Amino acid sequence: MNSKKFALALLALIVVIGAIVGIYYYQEQNGRELTLYGNVDVRTVNLGFRVAGKLAKLQVDEGDAITAGQTLGHLDDAPFINALNQSKAARDVAKANLAKAEAGYRTEEISQVRAEVAQKESAFRFADSFLKRQQGLWQSKTISANDLENAKTGRNQALAAYQAAKDKLRQFETGYRIEEIVAAKAQLSQAEAAVAQAELNLKDTQLTSPSAGVILTRAIEPGTMLAAGNTVFALSLTNPVWIRAYIDEPNLNQATAGREILIYTDGRKNQPYHGKIGFVSPTAEFTPKNVETPDLRTDLVYRLRVIVLDPDEGLKQGMPVTLRFAGTNSTEANNK
């Protein structure tokens with residue numbers, strides 16, 4: 001009986017000790033500081049000219065820090081200047097043609113056509129009179145049938161020329177057709193678009209930086225014939241500075257957008273940088289091999305983007321960093 005009581009007491013003691021240990025472990029795990037590992041994100045931009053041409057000059061070299069909008073190099077712009085001048089000349093011609101169509105024919109041109117009509121009318125009347133005389137002679141058997149036929153042909157040709165002259169006068173007095181004016185306007189719009197494109201092409205002979213950064217690679221040298229889009233520089237973007245890190249699913253609830261993070265580097269173990277979570281990937285992926293973490297590399301994790309709030313030259317692209325922030329317990333306490 002005593003042994004049975006002793007066994008029950010021992011079992012109860014074991015249960016109590018297990019409960020105490022479990023509670024302690026839970027509190028320890030819930031209250032500990034979560035540590036993540038990541039790298040300063042490497043972001044590069046390949047810079048090149050939008051137009052093809054001969055590279056004339058490069059103004060920066062590898063390692064140079066540059067600012068947004070800074071000119072980095074330029075192509076030989078002589079062909080583009082010639083193309084612009086040519087397109088401007090074509091635009092001026094199209095503009096003049098439109099003005100001519102809208103204004104109609106000049107008074108002098110109309111007068112000239114009227115004189116032509118009078119001349120053709122006189123020629124027709126003469127040919128018609130001659131035909132009538134030939135018809136009288138044909139009736140008296142004075143001329144041959146061939147002579148009469150020639151007179152008819154001459155009269156018909158004179159009539160056709162007279163009608164064409166009258167049609168031309170009617171056209172000149174009415175002016176250009178609506179369709180011709182519309183076509184002239186379209187040709188002017190096309191010419192103006194060609195000028196705008198030529199101006200843009202000339203502007204694109206200057207290579208400018210889209211943002212601040214550091215030149216990582218200078219791929220070619222002056223004198224090279226370039227196709228449009230060929231890479232000239234590889235630019236490393238330095239602002240803003242982002243940290244790429246990964247978190248496992250059990251701790252995912254701690255990674256909320258806007259949460260503050262302390263960022264440590266090997267060179268500043270006691271002076272952390274400050275950042276905040278800017279993005280949490282909604283899709284799980286396998287941990288990248290280059291991430292230093294004590295967890296299994298085959299675990300499914302979620303990618304984080306941490307924005308560094310106080311970056312300086314001590315943060316280099318690709319540098320490994322350690323991220324720390326408070327555990328779930330403190331977060332829930334603050335929320336309450």
Side-chain angles (χ1 to χ4, degrees), residues 27-47 63-68 209-217 233-336:
Q27 291 178 343
E28 181 68 18
Q29 293 295 317
N30 243 11
R32 72 174 182 176
E33 186 180 61
L34 179 61
T35 300
L36 301 177
Y37 302 89
N39 297 84
V40 179
D41 209 357
V42 179
R43 297 176 298 129
T44 60
V45 177
N46 292 328
L47 303 180
D64 289 348
I66 60 175
T67 58
S209 174
S211 59
V214 176
I215 299 296
L216 289 182
T217 306
F233 294 109
L235 174 66
S236 171
L237 303 181
T238 56
N239 187 38
V241 177
W242 294 341
I243 303 295
R244 181 189 295 263
Y246 296 85
I247 189 170
D248 55 8
E249 187 171 357
N251 294 305
L252 184 60
N253 64 329
Q254 299 192 51
T256 56
R259 182 166 184 181
E260 295 183 356
I261 300 290
L262 296 179
I263 305 163
Y264 295 86
T265 64
D266 292 340
R268 287 179 47 169
K269 295 184 178 180
N270 298 321
Q271 293 180 320
Y273 295 93
H274 298 81
K276 64 179 181 179
I277 298 177
F279 168 78
V280 181
S281 173
T283 305
E285 56 187 282
F286 287 106
T287 310
K289 296 300 182 182
N290 64 334
V291 175
E292 297 294 337
T293 171
D295 297 327
L296 294 177
R297 295 187 183 278
T298 56
D299 283 353
L300 285 173
V301 292
Y302 294 82
R303 178 167 55 90
L304 304 180
R305 174 184 292 170
V306 178
I307 303 171
V308 183
L309 302 178
D310 51 356
D312 58 23
E313 295 182 356
L315 286 176
K316 305 296 184 182
Q317 291 196 0
M319 174 184 290
V321 295
T322 301
L323 310 177
R324 293 194 178 97
F325 50 90
T328 306
N329 237 7
S330 59
T331 304
E332 291 177 353
N334 290 336
N335 290 337
K336 291 178 182 178

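Computed from a prediction, not measured in an experiment: that's the story for all the values here.
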- [ ] Output yes when a side-chain donor or acceptor of R43 lies under 3.5 Å from a complementary backbone atom of P240, and no otherwise.
- [x] yes
Open item on the list: Testing the basics here: between V40 and K316, what is the closest heavy-atom pair and its distance to 0.1 Å?
Closed with: CB-O, 3.3 Å
Open item on the list: How long is the straight-line distance from CD1 of I307 back to CD1 of I243, given to the nearest 0.5 Å?
Closed with: 11.0 Å
Open item on the list: Could you go through L252 and V280, starting from their C-alpha distance and side-chain angles, then the distance that decides it, and tell me whether this counts as side-chain contact (heavy atoms from CB on, under 4.5 Å)?
Closed with: CA-CA 9 Å; L252 184 60; V280 181; 4.0 Å; yes
Open item on the list: How long is the straight-line distance from OG1 of T322 back to CD1 of I261, given to the nearest 0.5 Å?
Closed with: 12.5 Å
Open item on the list: Would the distance check show the side chain of R259 and the main-chain N or O of Q254 forming a donor-acceptor pair, the cut-off being under 3.5 Å?
Closed with: yes
Open item on the list: Nearest 0.5 Å, please: how far is CZ in R244 from CG in N39?
Closed with: 9.0 Å
- [ ] Over all heavy atoms of both residues, which pair between P210 and A68 is shortest? Give the atoms and the distance, please.
- [x] O-CB, 4.1 Å
Task: Polar side-chain atom of Q317 near backbone of L237 as donor-acceptor pair, under 3.5 Å - done: yes
Task: Separation between CG of D64 and CG of L235, rounded to the nearest 0.5 Å - done: 11.5 Å
- [ ] Show the numbers, then the answer: is there a side-chain contact (heavy atoms from CB on, under 4.5 Å) between L309 and K276?
- [x] CA-CA 7 Å; L309 302 178; K276 64 179 181 179; 4.2 Å; yes
- [ ] Please name the pair of heavy atoms, one in L323 and one in A245, separated by the smallest distance, quoted to 0.1 Å.
- [x] CD1-CB, 3.4 Å
Task: Nearest atoms (heavy-atom pairs only) where K269 meets Y264 - done: O-CD2, 3.1 Å
Task: Donor + acceptor pair across side chains of Y273, D312 (<3.5 Å) - done: yes
Task: Closest approach of A234 to N46 (non-hydrogen atoms, all atoms of both residues) - done: CB-OD1, 4.0 Å
